[in-house]
Amino acid sequence: MTIDRVVMAFAGTMVLASLALSQLHDPRWLWLAAFVGANLFQAAFTGFCPLAIVLKRLGVQPGQAFA
């Protein structure tokens, strides 16, 4: 998998986990989904993604977005 796919999979997992936790435990878990969405939004314009940096250092192959 490339960095791009791992980032999208991780973001999707975090959003789904946030939604599940907000229904099962506390609505404040929706703040996690908001944080993930804001991070994805800013990464689209700046190209800065902390997870992509970590994955690159771990040797994951870069894709098109996070080279």
Student: Could you walk me through whether L30 and L21 pass the side-chain contact (heavy atoms from CB on, under 4.5 Å) test, one step at a time?
Tutor: CA-CA 8 Å; L30 292 173; L21 287 167; over 6 Å; no
Student: Among residues two or more places apart or on two chains, list those pairs meeting side-chain hydrogen bond (donor to acceptor under 3.5 Å, both in side chains) that have a residue in residues 9-27.
Tutor: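 Listed once each, the pairs are D26-R28.
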Student: Tabulate below the donor-acceptor pairs under 3.5 Å that side-chain atoms of residues 32-43 make, not counting sequence neighbours, or state none.
Tutor:
| from | atom 1 | to | atom 2 | distance (Å) |
| --- | --- | --- | --- | --- |
| N39 | OD1 | Q42 | NE2 | 2.8 |
| Q42 | OE1 | T46 | OG1 | 2.9 |
| Q42 | NE2 | N39 | O | 3.4 |
| Q42 | NE2 | F48 | O | 2.9 |

Student: Enumerate the salt bridge (Lys or Arg N to Asp or Glu O under 4.0 Å) contacts for residues 31-41, please, sequence neighbours excluded, ordered by first and then second residue.
Tutor: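 Sorted pair list comes back empty.
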Student: So how far is it from M1 CE to L55 CG, rounded to the nearest 0.5 Å?
Tutor: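 So the gap between those two atoms works out to 10.0 Å.
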Student: Quick one: name the residues clustered hydrophobically with M8, using the 4.5 Å side-chain heavy-atom rule over I, L, V, M, F, W, Y, and just say none if it's on its own.
Tutor: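 M8 clusters with nothing; isolated.
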Student: Do you know which of V54, L58, V60, L51 makes side-chain contact (heavy atoms from CB on, under 4.5 Å) with I3?
Tutor: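 When side-chain contact (heavy atoms from CB on, under 4.5 Å) is applied between I3 and each of V54, L58, V60, L51, only V60 qualifies.
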Student: Which pairs count as salt bridge (Lys or Arg N to Asp or Glu O under 4.0 Å) when at least one residue sits in residues 9-25, sequence neighbours excluded?
Tutor: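 Sorted result for residues 9-25: empty, none.
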Student: Apply side-chain hydrogen bond (donor to acceptor under 3.5 Å, both in side chains) to R57 and list each qualifying residue two or more places apart in sequence or on a separate chain.
Tutor: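 Result, side-chain hydrogen bond (donor to acceptor under 3.5 Å, both in side chains) vs R57: none returned.
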